[in-house]
Every structure is written in structure tokens, then in C-alpha cells.
Amino acid sequence: MTLQETIAAIGPLDKKAEELCMEHWDALAKPLRSLGKFETCLAQIAGIQRNPKIDIEKKGLIVMCADNGVVVEGVTQTGQEVTAQVAENFAEEKKATTTILCRKAGADIFPIDIGVYRDTKIRNCKIAYGTKNLYKEPAMTREEAIRALETGINLAAEKKEEGYKLLAVGEMGIGNTTTSSAVASVLMHRPVEEMTGRGAGLSSSGLARKIEVIQHAIELHQPDPEDAIDVLAKVGGLDIAGMAGVFLGGAACRIPVVIDGFIAGVAALVAQRICPACGDYMIASHISQEPATKQVLAELGKEAFINADMHLGEGSGAVMLFPFLDMAAEVYFNMATFQENDIENYVPLD
């Protein structure tokens with residue numbers, strides 16, 4: 001699907017299916033709304049799938065891997081060679097954290113080379129061999145940004161055809177907290193220093209340099225905050241663009257997509273700015289230690305389930321949410337109702 005076809009295909013959730021899901025929750029023999037956000041999340045999924053008999057059995061994680069030319073400016077502790085190394089580890093059973101988590105959660109993992117600086121052993125959907133150095137020139141062209149968005153869109157559509165009912169996104173790309181902070185700063189009209197954290201562990205001088213680089217890039221390229229694709233192209237990354245495409249494609253295919261941490265949250269924000277309706281199809285998993293995470297989720301109107309001081313990325317927090325949702329679904333489908341227990345229903349009290 002093209003970007004425009006995708007946007008045209010995204011409609012509202014099925015409110016009737018949501019209501020029927022909540023009615024079933026309220027009929028279960030437990031205090032009303034006592035599973036909190038898990039109940040409303042399953043109702044959201046019912047609205048997405050247009051069916052109160054939700055199905056989240058087949059789950060997948062799409063990990064977008066890409067390099068960022070800005071690393072030459074000293075904004076990270078490591079070089080871009082680490083991106084390729086970790087990306088290839090996703091293809092081996094016990095070499096990456098998220099691979100281990102996916103196996104335990106019963107989810108499949110799909111690492112995607114959308115822009116690693118060299119050829120890799122994972123699936124090749126490469127738009128370019130990394131982005132340009134945004135400190136000196138736009139990270140990518142608008143055409144490259146749209147191609148990356150459409151790559152994510154079509155991956156979501158592919159997983160729909162393969163029977164996946166719940167997706168999550170993750171990323172691997174040295175330097176991508178720099179690009180994420182730049183995009184968030186522009187889209188949210190917030191100071192760069194407020195949106196920028198230490199990433200994988202920068203020193204105070206390293207953080208100061210990172211902020212300086214982002215501020216310079218924004219001043220140099222003047223990305224238009226009313227045009228998310230322009231922002232993405234000028235100061236973003238191919239991994240962010242690919243994840244944004246998965247959010248858009250998931251919405252068009254009526255598949256819920258789980259947001260990971262800060263970087264995935266920024267990708268979700270890009271998608272939501274391109275098509276506001278797609279925000280209803282997103283689920284927030286956790287609050288990462290990057291300082292702007294809470295603000296990004298608030299901008300999206302999302303509340304995360306997990307607050308565990310994580311900052312690994314790679315889709316790790318999103319995958320950790322999968323077992324929680326499975327447990328909630330188990331209660332939803334298998335717990336006896338008040339009527340079956342011959343107990344008078346709870347009723348809402350003032």
C-alpha cells in the first residue's frame with residue numbers, strides 16, 4: 001500500500017464492540033473494573049478488531065535496524081558498527097535480549113535492515129546505508145522518508161496476511177536517541193534540552209554535545225513542525241520512519257500495535273501527526289528512562305502499563321507487555337460470571 005492509500009483506509013474503532021467487551025468484563029464475578037487498564041485495553045482491541053471476542057494469540061515484533069550519520073559528531077559512546085552486530089544477533093536464538101523475551105512470550109521476531117551502514121544477514125529492506133549527518137545536511141530526502149514509511153506499512157500488511165493479531169515495534173540503531181530527541185523537540189515545540197537524555201550512558205559533556213548537535217541541526221534545516229514527514233526527513237532516522245509506517249499500516253489493517261519506549265514513542269507520534277486516527281490503534285507498554293518519554297506518551301494521549309526504569313529499546317518493553325495481555329485475556333474468556341456463580345451483580349456506586 002502507498003502512504004496515501006493507507007491513510008485513506010484508517011477509520012474509527014468499532015464502539016459497539018468496545019461496549020460489548022466492557023459489558024462482559026462487568027458481568028464477570030469480580031469487583032467492577034478491578035483489572036483497571038487491562039480491561040480498557042482489551043476493549044480497545046475489541047474496537048480495533050470489530051469483535052468483542054478478541055484474538056491476540058499470534059503475536060509478532062518488528063525490529064527496525066538502521067544507522068545514523070550523526071554518530072560522527074560524538075553523540076554516542078559507541079560506533080555504528082554495533083548496529084549491525086546487534087541486528088544480526090536478533091537472528092540467533094540466545095544472542096539478543098529481545099529474542100529471548102520473544103521466545104518466552106510466545107512471540108515471533110522480525111529484524112529488518114531498513115538502513116544499516118553495511119549489508120547484513122537479516123531481512124533486507126534497506127532504503128539507504130544509513131542516514132546522512134544531520135549536523136551538516138538533511139538526514140534523508142523526503143522521498144527516502146516516504147519509502148521507509150511505506151516499508152513499515154507493507155510489513156504490517158504482510159503480517160496481517162500471515163495471521164498476526166497483535167504487533168509491536170522495536171529498533172536498533174546507534175545514535176537514534178539523538179534523532180528521536182530532535183523529532184520530538186520539533187513536533188512538540190519543546191526545548192531540545194528538555195527532550196534529550198543520555199541515551200546508552202553519555203557523560204555530562206557528551207550530553208551537552210548531543211544537545212548542541214540537535215539544536216544546530218534544527219536551526220540549520222528548519223523542519224516544519226506542521227509537516228511530520230519534513231521533520232522526519234530532515235532530523236529523523238530510517239528506523240523511526242519504518243516504525244511509524246508499522247503504526248500506520250497496523251491501523252489500516254486493524255491490528256493493534258504496541259509502542260516500546262522513547263524512540264518507538266516518537267515514531268508513534270510521527271504516525272499520529274501524519275494520520276491522527278491511527279493513534280487509537282496504539283498501545284503504550286512502558287515508560288523508559290529517557291526524560292521525554294512521559295511527555296511523548298502524554299502528547300499521544302497514552303498511559304503505559306510498566307514503569308520499571310528500562311531503557312534497552314529493541315522492543316523489549318513492548319514484548320514484556322504481551323504476557324500481561326495474555327493473562328488479562330485468560331480472565332476475560334474463562335472467568336465465571338455473576339450469573340453462573342448465582343451472585344448478585346456488582347453495580348456502580350456514586
Side-chain angles (χ1 to χ4, degrees), residues 63-90 96 111-120 122 125-141 144-145 148 170-186 192-193 195-221 223 231-244 260-267 270 288-292 311-315:
V63 185
M64 295 292 185
C65 305
D67 277 299
N68 300 280
V70 72
V71 297
V72 300
E73 299 299 332
V75 295
T76 68
Q77 276 194 346
T78 57
Q80 62 183 5
E81 67 277 358
V82 175
T83 302
Q85 292 167 356
V86 176
E88 292 181 332
N89 285 347
F90 290 132
I112 305 297
D113 180 351
I114 196 168
V116 181
Y117 84 103
R118 66 165 171 82
D119 291 327
T120 62
I122 63 174
C125 296
K126 200 185 294 286
I127 306 300
Y129 287 88
T131 56
K132 301 292 193 301
N133 178 2
L134 58 82
Y135 187 72
K136 296 180 177 179
E137 57 186 311
M140 61 188 110
T141 66
E144 287 173 328
E171 39 59 43
M172 178 59 216
I174 300 302
N176 60 10
T177 58
T178 298
T179 54
S180 300
S181 296
V183 172
S185 177
V186 176
V192 171
E193 55 270 25
M195 295 287 107
T196 307
R198 296 177 184 270
L202 283 175
S203 64
S204 294
S205 60
L207 176 60
R209 173 59 177 164
K210 184 177 179 180
I211 291 169
E212 176 195 349
V213 166
I214 296 170
Q215 288 173 330
H216 172 82
I218 293 171
E219 290 168 5
L220 178 64
H221 305 309
V231 178
L232 190 59
K234 288 177 176 175
V235 297
L238 290 163
D239 50 355
I240 299 172
M243 289 189 292
D260 187 37
F262 173 60
I263 301 162
V266 171
V270 169
S288 88
Q289 279 193 310
E290 281 296 296
H311 55 275
L312 174 62
E314 303 175 7

*Asks:* Please report the interatomic distance CD(Glu290) to NE2(His311), rounded to the nearest 0.5 Å.
*Replies:*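 Going from CD on Glu290 over to NE2 on His311, the span is 8.0 Å.
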
*Asks:* Please find the pair of heavy atoms, one from Ala244 and one from Ala267, that lie closest to each other, and give the distance.
*Replies:*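 Nearest heavy atoms, Ala244 then Ala267: CB-O, 3.4 Å.
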
*Asks:* Heavy atoms only: give me the nearest Thr131-Gly237 pair and the separation to one decimal.
*Replies:*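 Heavy atoms of Thr131 and Gly237 come nearest at CG2-CA, 4.2 Å.
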
*Asks:* If we ignore hydrogens and angles and just use 3.5 Å, is the side chain of His221 paired with the main-chain N or O of Leu134 as donor and acceptor?
*Replies:* yes

*Asks:* Of all the heavy-atom pairs spanning Lys126 and Arg118, show the shortest one and how long it is.
*Replies:* NZ-O, 3.1 Å

*Asks:* Can you tell if the side chain of Ile263 reaches within under 4.5 Å of the side chain of Met243, non-hydrogen atoms only?
*Replies:*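 A side-chain contact under 4.5 Å exists here.
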
*Asks:* Roughly how far apart are Thr83 OG1 and Glu81 CD, rounded to 0.5 Å?
*Replies:*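 Result: 8.0 Å between the selected atoms.
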
*Asks:* Please confirm whether the backbone N or O of Glu137 pairs with a side-chain atom of Lys132, one donor and one acceptor, at under 3.5 Å?
*Replies:* no

*Asks:* Could you report the tightest heavy-atom contact between Pro223 and Val186, atom names first, then the distance?
*Replies:*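 Looking at all heavy atoms of both residues, the shortest contact is CG-CG2, 3.8 Å.
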
*Asks:* Calculate, to the nearest 0.5 Å, the distance between atoms CD1 and OG1 belonging to Ile174 and Thr78 respectively.
*Replies:*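 Here the rounded value is 3.5 Å.
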
*Asks:* With Cys65 as reference, evaluate Ile114, Ile112, Ile122 under the side chain to side chain contact (heavy atoms under 4.5 Å, CB included) test and give the passing residue.
*Replies:* Ile122

*Asks:* Using only atom types and a distance under 3.5 Å, with no angle test, would you say the side chain of Glu144 pairs donor to acceptor with the backbone of Thr141?
*Replies:* yes

*Asks:* With distance as the sole test, does Asn68 use its side chain to make a donor-acceptor pair with the main-chain N or O of Val70 at under 3.5 Å?
*Replies:*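 Checking the backbone N and O of Val70 against the side chain of Asn68, no donor-acceptor pair under 3.5 Å is found.
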
*Asks:* Okay, side chain of Thr179, backbone of Asn176: is any donor-acceptor separation there less than 3.5 Å?
*Replies:*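 Such a contact is found between Thr179 side chain and Asn176 backbone.
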
*Asks:* Show the nearest heavy-atom pair for residues Tyr117 and Tyr129, with the distance to one decimal.
*Replies:*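 Answer, listing the atom of Tyr117 first, then Tyr129: O-CD2, 3.3 Å.
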
*Asks:* Return yes if some donor-acceptor pair links the side-chain N/O of Arg198 with the main-chain N/O of Leu207 below 3.5 Å, else return no.
*Replies:* no

*Asks:* Under a plain distance cut-off of 3.5 Å, with no hydrogens placed, do Ser181 and Lys210 share a side-chain donor-acceptor pair?
*Replies:* no

*Asks:* Counting distance only, does the side-chain N/O of Thr76 pair as donor-acceptor with the main-chain N or O of Gly175 below 3.5 Å?
*Replies:* no

*Asks:* Is there a donor-acceptor pair closer than 3.5 Å between any side-chain N or O of Asp239 and the backbone N or O of Asp67?
*Replies:*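 No, Asp239 side chain to Asp67 backbone: no donor-acceptor pair under 3.5 Å.
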
*Asks:* If you round to the nearest 0.5 Å, how far is NZ of Lys136 from CG of Leu220?
*Replies:* 11.5 Å

*Asks:* What's the spacing between Glu171 CD and Leu238 CG if we round to 0.5 Å?
*Replies:* 13.0 Å

*Asks:* Quick one: pull up OG1 in Thr120 and CD in Gln85 and give me the separation to the nearest 0.5 Å.
*Replies:* 12.5 Å

*Asks:* Show the nearest heavy-atom pair for residues Thr178 and Ile214, with the distance to one decimal.
*Replies:* O-CD1, 3.5 Å

